[in-house]
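Starting from 1, each residue takes its place in the sequence as its number.
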Amino acid sequence: MTTNPTRPPVVVCGAGPTGLMLAAELRLAGVEVVVLEQRQRPTDERESRAPGVYARTIEIWEQRGILDRFTGSRTGRYSHFALLPVPIDLGRLDSPHAVLLLPQARIERVLADWALELGATVRRGHRVTGLRQDADGVELEVAGPDGPYALRASYAVGCDGGRSTVRALTGVDFPGTDATADVLLADVSGVDRSLPQLQSRPFPFVRGERGWLAASVVTVSAADEDVMRFIVSDFSRPAVRRAGPPEFEEVCEAAAAVAGIDLSKARPQWLSRFGNTTRQAARYRIGRVLLAGDAAHVHPPFGGQGLNLGLQDAVNLGWKLAAEVTGRAPADLLDSYGSERHPVAARVLLNTRAQNVLMTRGADIDALRTVVAEALETTEANDRMAGELSAVDVRYDLGDGHPLVGMRMPHRELTAPDGSRYGSPRLLESGRGVLLDLAGDPELKAVADGWSDRVDTVTASAPATPADGLAAVLLRPDGHVAWVAPRGRPLDRSALEASLGRWFGAAAADAGR
């Protein structure tokens, strides 16, 4: 086995959305990164495991300045919980966004282009086969197109999916439950949309004693508006493990048995299957190896939360890992990735377990669906579920204090001292921290000068917003609020310095002491 002469600080295993997002985040921070992907080619345009993203992910792309790369995608306002007859209204979120409908293949293509532009290296056809780590780094055994080789790095991140090789090689516990269902998915064209089974609102959904069927329009490209996605769960089908995609005949048989729909004359575009396996890694950091996305957590795709969860893992991890690699990380910063993201994923697993139960059969489940649907008709319950599905309500435990601390800074219009106006996401395009001065206090900049190589101090005003009553806000690179200063009170210099030190390390003047 040859040894690769390069030693990148970070190797990311997996070039799906999570791995590519992480690679770009690392490059924003100036860290060299190599992405290893076992597939020879990117995901085919017609394979769209995830049909879109929610508000929080859209906000992240906006804050990094890449949202306009998804121009032309359809937008939506509603989601669902267990395909109950009450839509979840994401249009009421405290966000200018709700749902962006676009295929996963396009997400991967855009993120790959962005990561490459920033200087990431992506090696396709390179499969990780072994992993060893010591106090100084990680050595990966890789099977590449030209033969096996060893690649050493300071850190490795497994973003290689639910069947993660990296996770398996670390030996970390992956507790949870195996699949009990085999759910078939088919994207097809040539379907008669006037079928009575497709008329239920807000979503075409049929559920009975034999199983359930859900249908939706899938936008693969501008020329394929007639593609419909059918997801069929036939309760008589046993769970399968590591099986390939179903034959179209299987899908037709299941659709006929469950919902009385004849798909035999339709034209299949893409076929897949999934189960309801639900597992989460006990730890996201195992020495110098970290896990993100489906490598860290798997769950049924109900509610469309999985891809969003992985992308948000990457944004939480990227700046912290970069700080660790460059020697600027304060104690425990890298460990905060797991302590912050593990509870978020655990809640998603809880959410999808509940949906899984609500989609099974029986009189008791019928009664439960009725009760939950009635609850979701109330504004309070519907808003709460919208916040949960979209991750807009995610708040990291950063200590007691102002309600905004731990939340992401809401999208607000800011006014610069010269009178120009811009959206608050622009503050974070560079991937650096931001101290937002809302009161024109020169003392703020004086305090933050020691961190000016990592944190930008920006003066602006934000009238008629939740920022009213605040003189300053400290934003982490992922957009979450780390500290606030109430307006009308003397600046607490020690509290600001403590927060800067906690998230960005020692001030430049103190480095090395």
### NZ or CZ of Arg167 within 45° of Phe174 ring axis and under 6.0 Å
yes
### Message
Between Glu25 and Arg64, does any NZ, NE, NH1 or NH2 come within less than 4.0 Å of an OD or OE carboxylate oxygen?
### Response
yes
### With Tyr396 via ring-ring contact (aromatic ring centres under 6.0 Å, His included) - residues at least two apart
His480
### Closest non-hydrogen atom pair, Gln280 against Ala345
NE2-CB, 3.4 Å
#### Entry: Minimum side-chain heavy-atom gap Met21-Trp61 below 4.5 Å
yes
## Note on the structure
Residues pairing under salt bridge (Lys or Arg N to Asp or Glu O under 4.0 Å) where one sits in residues 310-333, two or more places apart or in two chains, turn out to be Asp313-Arg341, Lys320-Glu340, Arg328-Asp453
### Query
Is the backbone of Ala29 close enough, under 3.5 Å, to the side chain of Arg432 for a donor and an acceptor to pair up by distance?
no
### Task
Specify the closest pair of heavy atoms between Leu398 and Ala482, including all atoms of both residues, with the distance to one decimal.
CD1-CA, 4.2 Å
### Residues which pass ring-ring contact (aromatic ring centres under 6.0 Å, His included) with His342, listed by chain and number, not counting sequence neighbours
Tyr284
### Query
Between Lys445 and Asp437, is the closest basic N to carboxylate O distance under 4.0 Å?
no
### Message
Please determine whether the number of non-hydrogen atoms from other residues, nucleotides or ligands lying under 6.0 Å from atom CG of Asp68 exceeds 12.
### Response
yes
### Task
Identify the heavy atoms of Ala448 and Leu435 that sit nearest to each other, and give their distance.
CB-CD2, 3.7 Å
### Query
Do we get Arg426 above Tyr422's six-membered ring, with its NZ or CZ under 6.0 Å from the centre and within 45° of the axis?
yes
### Query
Looking only at heavy atoms, what is the nearest atom pair of Val99 and Ile58, with distance?
C-CD1, 4.0 Å
### Query
More than 12 non-hydrogen atoms from neighbouring residues, nucleotides or ligands closer than 6.0 Å to CZ on Arg384, yes or no?
no
### Message
Is it true that, when you exclude Arg347 itself, more than 12 heavy atoms of the residues, nucleotides or ligands shown sit nearer than 6.0 Å to its CZ?
### Response
no
### Query
Less than 4.0 Å between a side-chain N and a carboxylate O, is that true for Arg27 and Glu32?
yes
### Task
Look at atom CZ of Arg77 and say whether more than 12 heavy atoms of other residues, nucleotides or ligands are closer to it than 6.0 Å.
yes
### Task
Identify whether the distance between the nearest side-chain nitrogen and carboxylate oxygen of Arg412 and Asp94 falls below 4.0 Å.
yes
### Query
Would the number of heavy atoms belonging to other residues, nucleotides or ligands and lying under 6.0 Å from CD of Gln199 be above 12?
yes
### Side-chain ion pair, Glu62 and Arg69, N-O less than 4.0 Å
no
### Message
Rounded to the nearest 0.5 Å, what separates atom NE2 in His97 from atom OG1 in Thr75?
### Response
11.0 Å
### Task
Using atom types as modelled and distance alone, determine if a side-chain donor or acceptor of Arg56 lies under 3.5 Å from a backbone N or O of Val392.
yes
### Task
State, to 0.1 Å, how close Arg207 and Leu358 come at their nearest heavy-atom pair, and which atoms those are.
NE-O, 4.1 Å
### Task
Give the ring-plane orientation class for Phe302 versus Phe274, where under 30° counts as parallel, over 60° as perpendicular and anything between as tilted.
perpendicular
### Summary
Of all heavy-atom pairs linking Ala24 and Leu118, the shortest is O-CD1, 3.6 Å
